[in-house]
2 protein chains.
Amino acid sequence: MGNLALEPMDRPEGMTTHEYAHRRLRQAIMVGSIRPGESLTIRGIAEAMESSPTPVREALRRLSSEGALRVLDNRRIMVPRMTADRFSELVSLRSVLEQHAARRAVPHITERCIDRLEEVDRAQDEAISRKDNATALLLNQEFHRTLYSANPEQAIIPMVESIWLQLGPFLGIAMEHVAQLYFVDRHQEAIAALRKRDEDAVAAAIKADISEGIGGFERAAIENLLRLAGQ
Amino acid sequence: MGNLALEPMDRPEGMTTHEYAHRRLRQAIMVGSIRPGESLTIRGIAEAMESSPTPVREALRRLSSEGALRVLDNRRIMVPRMTADRFSELVSLRSVLEQHAARRAVPHITERCIDRLEEVDRAQDEAISRKDNATALLLNQEFHRTLYSANPEQAIIPMVESIWLQLGPFLGIAMEHVAQLYFVDRHQEAIAALRKRDEDAVAAAIKADISEGIGGFERAAIENLLRLAGQ
DNA sequence: TAATTATTTTTGTGATCACATTTTCAAAAT
DNA sequence: ATTTTGAAAATGTGATCACAAAAATAATTA
């Protein structure tokens with residue numbers, strides 16, 4: 001107990017303790033460094049990050065609401081287990097959500113925003129070439145988030161991030177058993193479509209990015225991975 | 001302070017205090033009985049439901065994660081204000097999400113499930129004829145939730161409910177200024193399509209139900225309502 | 001009278017404690 | 001050896017308290 005795979009993080013001044021706990025746990029789950037089935041204890045986490053139960057409990061509640069954690073009947077809290085069916089449900093939902101988010105972003109896109117997307121994409125390519133899977137994963141998410149954020153009234157990003165959180169633990173398993181995560185990159189295609197303000201083409205690029213990326217796991221491969229990981 | 005529009009609720013044995021607080025606040029927001037801009041205090045709510053700050057804080061954090069509440073920079077917590085742009089964003093998102101949820105439910109639908117839908121729809125009609133808006137609203141949501149729940153791996157309901165929570169406060173305003181909320185009912189159409197296991201027709205019925213229902217508010221009407229309500 | 005300052009009250013936050021439940025583990029019985 | 005029983009430890013939950021920041025109110029000044 002207590003030796004959680006939680007890397008310390010930068011903690012900006014003024015950030016509350018529960019917020020810090022939430023961010024650290026969130027990132028750990030997002031990049032798959034907490035195993036599905038592993039149960040989390042409030043006191044254990046509090047000790048690991050040198051605080052007390054109260055703020056940790058708040059962080060865990062938030063993560064439960066975000067779908068990242070599940071509260072069992074015995075009130076134990078754990079990372080939900082993945083199944084092939086749940087995986088395909090999550091991926092299809094992700095595809096629908098992100099295509100919509102991308103479409104709604106197009107009318108608000110600026111050149112400045114496209115430049116930023118190029119920048120993030122370059123950083124991701126660099127992380128991939130360094131074989132730094134976790135960073136590449138976070139930068140890939142940053143790319144998508146940046147795109148959808150162009151829409152000033154967007155209400156969809158929390159939902160997209162909820163999906164990412166739910167897929168995270170599986171990615172952690174995949175990263176352990178597949179030497180290198182295969183990153184598909186339809187980002188250049190998306191950027192080109194954005195420059196033309198072509199909604200359909202942007203949505204198509206996002207759809208392809210997802211279906212050829214994480215959506216590319218075949219059912220048999222998923223079941224195989226889960227079996228290997230003892231799930 | 002303290003005199004919150006919070007009707008007491010049935011509290012099943014074994015339900016924790018924070019869970020109870022969450023449910024009561026959630027329902028109050030969902031049916032629009034807490035005004036946008038109204039700021040909530042932890043101690044005020046704790047007093048109103050005869051408990052203490054700790055579980056109330058947890059409930060408020062969850063509701064923030066669900067998009068129902070917003071935490072300001074000064075750490076005040078309030079129901080977010082609505083704008084015409086945000087409204088249209090939420091409605092378009094709701095349409096996309098629920099069409100997808102409906103489609104994914106169709107392959108799993110059972111006759112038993114359709115019977116249940118008929119039952120809920122009848123109860124809603126009855127509430128409408130009693131002019132009991134809040135109950136009709138909750139039963140309408142129950143109809144949609146029941147349909148999407150047919151899919152055993154559904155991960156979309158929390159997101160749909162998040163949208164409902166964000167639209168709730170506006171509905172509260174609308175109910176005050178429009179004598180009777182006009183309930184569109186494409187439910188029979190949806191049920192007929194379900195019996196035929198026709199995904200496209202089901203999705204079309206849900207789309208129509210939303211676009212003619214809450215989506216039917218025109219931009220000018222929304223701005224007018226918000227102005228009337230002093231928003 | 002209007003603006004500014006000082007004081008009081010309210011509020012969010014997080015640590016701590018007590019309690020009940022659950023889990024774990026060792027001892028005893030079958 | 002397996003199961004059952006009992007004690008000990010661990011855990012979730014919620015109330016309370018102290019502290020700091022913020023808001024509201026009172027007092028003072030221009």
Side-chain angles (χ1 to χ4, degrees), chain A residues 1-4 6 8-9 11-26 29 34-35 37-66 68-81, chain B residues 1-4 6 8-9 11-26 29 34-35 37-66 68-81:
Chain A
M1 196 51 39
N3 52 355
L4 210 47
L6 278 182
M9 280 180 65
R11 178 171 177 175
E13 174 146 11
M15 173 181 268
T16 59
T17 307
H18 79 261
E19 207 173 340
Y20 179 65
H22 177 257
R23 182 176 294 196
R24 262 175 79 171
L25 287 166
R26 184 185 170 89
I29 295 169
I34 302 184
R35 306 296 299 246
E38 182 173 344
S39 77
L40 304 176
T41 67
I42 296 171
R43 283 178 169 89
I45 296 169
E47 190 182 343
M49 44 180 75
E50 297 176 324
S51 65
S52 72
T54 312
V56 171
R57 232 171 41 224
E58 293 172 33
L60 292 179
R61 298 261 184 261
R62 286 190 55 183
L63 289 165
S64 303
S65 283
E66 293 170 57
L69 298 174
R70 189 166 304 279
V71 181
L72 276 56
D73 293 334
N74 34 341
R75 294 179 177 170
R76 268 285 148 80
I77 295 176
M78 57 175 257
V79 176
R81 290 209 152 75
Chain B
M1 196 54 39
N3 53 356
L4 209 49
L6 278 181
M9 280 181 64
R11 178 171 179 177
E13 174 147 9
M15 172 180 266
T16 59
T17 307
H18 81 262
E19 208 172 339
Y20 179 65
H22 177 258
R23 181 176 296 194
R24 261 175 78 171
L25 287 167
R26 183 186 171 87
I29 295 169
I34 302 184
R35 307 296 298 244
E38 181 173 346
S39 77
L40 304 175
T41 66
I42 296 171
R43 282 178 169 89
I45 296 168
E47 190 183 342
M49 44 180 78
E50 298 177 323
S51 65
S52 71
T54 313
V56 171
R57 236 177 30 229
E58 293 172 32
L60 292 178
R61 299 261 184 259
R62 286 190 55 184
L63 289 165
S64 304
S65 282
E66 294 170 57
L69 298 175
R70 189 165 305 278
V71 181
L72 276 57
D73 292 336
N74 34 341
R75 295 178 177 171
R76 269 281 149 81
I77 295 177
M78 58 174 256
V79 176
R81 288 211 154 75

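Chain letters run A, B, ... following the sequence lines, proteins first, then strands; residues in each count from 1.
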* Could you name each residue pair satisfying salt bridge (charged side-chain N to carboxylate O under 4.0 Å, His left out) that touches residues 48-60 of chain B, not counting sequence neighbours? =>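 Salt bridge (charged side-chain N to carboxylate O under 4.0 Å, His left out) check on residues 48-60 of chain B returns A:Arg57-B:Glu58, A:Glu58-B:Arg57, A:Arg61-B:Glu58.
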* What residues, two or more places apart in sequence or in another chain, satisfy side chain to side chain contact (heavy atoms under 4.5 Å, CB included) together with A:Asp73? -> none
* Contacts of type side chain to side chain contact (heavy atoms under 4.5 Å, CB included), residue A:Arg70, not counting sequence neighbours ->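 For A:Arg70, the residues satisfying side chain to side chain contact (heavy atoms under 4.5 Å, CB included) (neighbours in sequence not counted) are A:Pro80, A:Arg86.
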* Structure fact -> Protein-proximity profile, nucleotides 12-18 of chain D, B/S/- by nucleotide at the 4.0 Å heavy-atom cutoff, equals BBBBB-B
* Structure fact -> Rounded to whole Å, the CD-P distance (A:Glu47 to D:dA9) equals 17 Å
* Report the residues that fulfil side-chain hydrogen bond (donor to acceptor under 3.5 Å, both in side chains) with A:Ser65, sequence neighbours left out, ordered by chain and then residue number. => B:Arg62
* Listed by chain and number, what are the side-chain hydrogen bond (donor to acceptor under 3.5 Å, both in side chains) partners of B:Arg11, not counting sequence neighbours? -> B:Thr17
